[in-house]
Amino acid sequence: MKIRGFFEKESTLSVLGSVCAVISGLLISFIILLFSDSSNALAGFGSILLGGFNGGLKGIGNVIFQAIPIIMTGLAVALAFRTGVFNIGTAGQFIMGAFTAVFIGVKWTFLPAGIHWIAALLGGFIAGAVWAFVPAVLHAHFQVNAVVSAIMMNYVGMYTANYLITNTVYNAAKNQSKAVAATAVAPKAGMNVLFPGSSLNAGIIVVILVVIILQVLISKTVFGYEIKACGMNRQASLYAGISAKKRLVQSFMFSGGLAGLGGALAYLAGDGKCISVVDVLAGDGFTGIAVALLGLNSPVGALLAGLLISYLEVGGFYTQVYKYPVEIIDITIAVIVYFGAFAVLVKGMIRKLLQRKGGKE
Amino acid sequence: MEYAVQLKQITKRFPGVIANDCVDLSVKKGEIHALLGENGAGKSTLMSILFGLYQADAGEIWINEKKVQIKNPGDANRLGIGMVHQHFMLIHNFTVLENIILGVETVSKGFLKMDAARERVQALSKQYGLNVDIEAYVEDISVGMQQRVEILKMLYKDNDILIFDEPTAVLTPQEIQDLMKILKKLAAEGKSIILITHKLNEIKEAADRCSVLRRGRYIGTVDVAEASREELSEMMVGHKIELHLEKNEAHPAGCALEVKDLVVKSRFSNKNLLDHVSFQAREGEITCIAGIEGNGQSELAYAIAGLLPVSGGQIILDGEDVTDKSVRYRNLKGLAHIPEDRQRYGLVLPFNLGENMVLKQYFMPDFQKHGFLRHSEIQKYTEQKIEEFDIRAGRGTQTTAGSMSGGNQQKAIIAREIGLDRKVLIAVQPTRGIDVGAAEYIHKQLLAQRDAGKAVLLISLELDEVMDISDRILVMYEGEIVGDLQPEKITVQELGLYMAGSKRGNTR
């Protein structure tokens, strides 16, 4: 009886849905491995499953390090979803945040060591928020579909960032941004001791702080109450006297800010990480959508989903050892997200199963 | 006796509920059989099974004494079963005739043959006294005539078993009278009629027998002539209820809400949805806005609440002009509002009961501190309201609003709005879709608010409700107030004439 109660809970069912999605994605990637080269399929699959642990603590540290930007964009998408808006503009917000952070990192060397990094992060946050302002206002005040305007802002962001980089902080030899000053590089904050040899830095602490802040904001504050009300029932929020338009713009900008912060964290990592001037949208922005979907739009869920996807990406990298193309892992992640949408179906099936059992008892 | 329909031991489960639990129903040939039950009793589910929209989990369907399988509405149609839904299934820019033949067109070499169809429809219309203009476009004819078109559709398809789902909800008293006559005529011609309703008057008036469902279970079948209204309602609800409210005299005091020359323009045409509406609602009085659905009552409520922009006129709340003020300002100034659509406006369904209970107060110091919600205070307040208003919620304050029954959702809204303790209470259709027991409770609450000196503005489509609890009736027709009446001095028939726009009085 207790077990049934556990399974009938909405939250349990939702998590089960996500777990099923992950398993289905992995199974299908195994099938693809079998088709492309059956002799190495098991070994390749093994490296997807366990590759993240290659290199022990160093490997784990790098998994976490790679997860930082996608957790941030995932949090951005999740927050916007809570207000009922699909923020597909994270790629643009991400790259604008990244540029602003790098610009501050390169140019504002007058700032002292402790402050410089934080100022650059804040700059990234603000730039992302500003970039989200346009679709937010168009959506809230002029009923322009946020998906359309946000996608366009992605391209505007990409080209703007390229233009600004080539005119301000350009390293022409490598066709990328200049390296930021040492004072703007994320401090290690003991991570090099915990995960020796990995690139992990204090960025993960920022991520965890943001997760906690968001969790509290959503569940405990008046602001969270209002944005949830707007997202779940716009009419009822108007009826309650909430200025839905204002809240929509605010939460959309907040979401953009988080994506911008993700960009800042990604490119203030040191180790020669610079923004390449290429005509490609920032992939981390779109991965955020997958992270949010898989994490069921909750901050903690996004944290876990971001780690998982990063883990699979690292593992997928090692499938190249067995001559598989690295894209195999992109397919896996795509399938996971795809099955994430089936989570509702899975929920329904589990419920039906329980009912049938219930009828016999 | 020959039976047209026999449903035997029908069981239908939905996730979390048993909508029909071993239900029996036997309808004789040529009778009008009422199916009575509260909302959520399983009437519509049962009829949807008969009409092939759902499949029963268990049980048998017998039509004309033969066991049958009904897998879809097409099967039902072939067996002669037709249904008039609550919301008509008509194509508005088609003529009546085109609507009637839709799906059963008479065709020759790919061309429509309308003449034969026209003759037949006209003959049917005459035979049953339906009085339908078959060349008119559906968008141009009255709701009552649209319903008769639906009846013609069934007759044209030679249906012998006719299901009517709450057919009177959209009609004026006169139209209801006409419908009852038509139903009797249909039955006299040998059609078997199932009438889904929760209105006792109609059952007494038209039905031969009546089957009662309660919470998915079959309670019994009675001969209408031998059962009193009280007995029927007791079968339906499961306990005795007062059909007529004890109501003491009103003591109206000062004006709490005044509407002056209010105009709301339609976005789609030049018509005014509200056409220079003026009235006052006084403290200690229930002012009722009566009218047929869609004559501007909804717009009036939304305009007063600040949810619909007005194009002209004034709204004066407690002596202050609030025409240009925000929703929040009006709420705080003295407005409580039980909205027409409780799921779209009244509640945030994914929120729990506690969060919904403070929807208009969460920002007050009682429930927040430095921007953080005081969950324990919210819980305490909600528990108190659950107790006070007898709200049934499985998991208390944590119950998701969307999982509660319609009646309890409405009680929650009423608890919240009355709990605000404002001078003016606007109640729009507070008992729509709610069972008799809960409706009675809501009426008592409204009267209690009146006696506590509040100005209650009741907007209702239910005539019984209008006549029973209001102290003053304003009738709206096409966006205008066409009558200012006293319930004691007027009959239902007279009120119906005002509502239909065929009579108007001095409204100033």
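The basis for the numbers below is simple: all heavy atoms, side chains too, and nothing from hydrogens, waters or symmetry mates. Since this is a predicted model, take the numbers as computed values, not measurements. Proteins come first, then strands; the chains are lettered A, B, ... in the order of their sequence lines, and each starts at number 1.
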Counting only heavy atoms not in [X], do more than 12 sit closer than 6.0 Å to its [atom1] atom?
| X | atom1 | answer |
| --- | --- | --- |
| B:Lys8 | NZ | yes |
| B:Tyr54 | OH | no |
| A:Phe286 | CZ | yes |
| A:Leu27 | CG | yes |
| A:Lys220 | NZ | no |

Rounded to the nearest 0.5 Å, what's the gap from [atom1] on [X] to [atom2] on [Y]? Could you check?
| X | Y | atom1 | atom2 | answer |
| --- | --- | --- | --- | --- |
| B:Phe363 | A:Glu226 | CZ | CD | 8.5 Å |
| B:Tyr362 | A:Ile242 | OH | CD1 | 3.5 Å |
| B:Tyr345 | A:Asn233 | OH | CG | 9.0 Å |

Are A:Tyr225 and B:Phe351 an aromatic pair by the rule of ring centers under 6.0 Å? yes

Mind ranking [options] by heavy-atom pairs under 4.5 Å with chain A and telling me who comes out on top?
| options | value |
| --- | --- |
| B:His370, B:Lys360, B:Arg344 | B:Arg344 |
| B:Gln361, B:Glu355, B:Arg374, B:Gln343 | B:Glu355 |
| B:Leu359, B:Leu332, B:Val348 | B:Leu359 |

Side-chain heavy-atom pair [X], [Y] within 4.5 angstrom cut-off:
| X | Y | result |
| --- | --- | --- |
| A:Gln235 | B:Leu307 | no |
| A:Tyr239 | B:Val327 | no |
| A:Val222 | B:Phe367 | no |

If one checks every heavy atom of A:Ser219 against chain B at 4.5 Å, the contacting part turns out to be backbone

